[in-house]
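Following: one structure in structure tokens, then a few remarks.
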Amino acid sequence: FNPALSQHLGLRPEWLLKKPNLPGFLDRLRDTHILPEPENYTSWRKTFMKIERSAMKDDYREDWDLPDGRSLRVVGRPHPSGTVVFLFEDVTNVLAMERRFRAQISNLENIINTTATGLIAFDRTGKVIFQNNTMKRIVGADYDSNSIQEFSCMMQAVFYPTPIWGDLRQYVEETERSAWQASVETQTGETVLVNVEPMPTGDTLCEFHFLIKINQDTCDGLACAAQ
């Protein structure tokens with residue numbers, strides 16, 4: 001063992017120098033409340049005997065949540081001498097950062113999925129790599145596109161005939177590109193502005209903006225209110 005093990009687990013070096021076996025080591029962790037008291041002690045001991053066998057095959061890796069709020073990453077590896085080496089790493093800050101990152105990603109996904117703008121992205125091969133819920137509603141719940149070819153076919157059913165879907169198929173495979181936009185109309189008469197933009201990764205992002213039509217009476221009312 002090294003001094004860090006004593007620091008992480010609060011075990012006295014004098015006791016570690018006695019070279020306890022794995023069951024004795026785990027019992028010590030339980031007795032000193034480093035690990036929580038198991039509901040079934042017998043089952044708990046058997047579980048950790050499996051850990052030793054897994055470590056001999058180099059496939060044990062687990063995060064332990066300690067009662068004091070810390071998290072230890074435990075990795076078991078076979079040693080050339082025929083024994084097992086366990087590595088204990090304090091990953092409390094790492095896991096906290098990962099949780100914050102996942103929360104931020106989840107919030108971003110919620111924002112993207114609640115926007116009124118339909119979004120869909122393709123990679124350089126034309127594969128669909130992302131589409132938000134608004135885009136799925138535009139296409140229709142019964143349809144699911146995995147490629148630019150399938151997507152363009154679906155768009156022909158949603159919108160009046162237009163050559164932009166063929167242009168889009170060609171655009172995603174080009175290397176030197178600039179953003180462009182086009183106006184299309186749905187079969188129900190709604191006008192949609194389509195923005196097509198190259199992404200730094202080489203992927204393609206398409207935005208579908210539904211334009212709100214305001215009649216003249218509404219415009220006059222807004223003008224009066226402004227005065």
Step by step, work out the side-chain hydrogen bond (donor to acceptor under 3.5 Å, both in side chains) result for Arg70 and Thr92. CA-CA 5 Å; Arg70 292 181 300 144; Thr92 305; 5.8 Å; no

Heavy-atom pair with the smallest gap, counting every atom of Trp180 and Ile164: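 Closest heavy-atom pair between Trp180 and Ile164: CH2-O, 4.1 Å.
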
Closest non-hydrogen atom pair, Gly202 against Arg177: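 What the structure gives for the nearest pair is O-NH2, 3.2 Å.
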
Flag side-chain contact, heavy atom, 4.5 Å: Ser147 against Val128: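 No, side chains not in contact.
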
Sub-4.5 Å side-chain heavy-atom contact between Phe151 and Leu168: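 Of all side-chain heavy-atom pairs linking Leu168 with Phe151, at least one is under 4.5 Å.
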
For [Y], is there any backbone N or O sitting under 3.5 Å from a side-chain donor or acceptor partner on [X]?
X	Y	answer
Asn132	Gly118	no
Arg73	Leu87	no
Glu150	Asn146	yes
Tyr171	Ser178	yes

Pairwise side-chain hydrogen bond (donor to acceptor under 3.5 Å, both in side chains) hits with a residue in residues 103-122, at least two apart: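 Every side-chain hydrogen bond (donor to acceptor under 3.5 Å, both in side chains) pair that includes a residue of residues 103-122, provided the two are not neighbours, is Thr117-His209.
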
Atom pair [atom1] ([X]) and [atom2] ([Y]), whose distance is rounded to the nearest 0.5 Å:
X	Y	atom1	atom2	result
Thr125	Ile148	OG1	CD1	10.5 Å
Ser71	Leu95	OG	CG	5.0 Å
Met155	Cys206	CE	SG	10.0 Å
Glu98	Arg102	CD	CZ	6.0 Å
Gln156	Gln187	CD	CD	10.5 Å
Glu190	Ile138	CD	CD1	9.0 Å

Given the rule that I, L, V, M, F, W and Y join up when any side-chain heavy atoms are under 4.5 Å apart, are [X] and [Y] in one cluster?
X	Y	result
Leu205	Val184	no
Met135	Leu119	no
Met154	Val172	yes

Among Asn195, Val192, Val158, Thr134, side-chain contact (heavy atoms from CB on, under 4.5 Å) partner for Phe208: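 The single option meeting the side-chain contact (heavy atoms from CB on, under 4.5 Å) with Phe208 is Val192.
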
Phe130 and Phe122: aromatic ring centres closer than 6.0 Å?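 No, ring centres 6.0 Å or more apart.
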
Results of ring-ring contact (aromatic ring centres under 6.0 Å, His included) for Phe159 - residues two or more places apart only: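 In terms of ring-ring contact (aromatic ring centres under 6.0 Å, His included), with neighbours along the sequence ignored, Phe159 is linked to Trp165.
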
Could you list who else is in Phe101's hydrophobic cluster, with ILVMFWY side chains joined at under 4.5 Å, directly or through other members?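 Cluster partners of Phe101: Ile105.
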
Any side-chain donor-acceptor pair under 3.5 Å between Arg124 and Thr204?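 Judged by distance alone, the side chains do not pair up.
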
Is the count of non-hydrogen atoms from other residues, nucleotides or ligands lying under 6.0 Å from Met199 atom CE greater than 12?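 Buried by this count: over 12 neighbours within 6.0 Å.
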
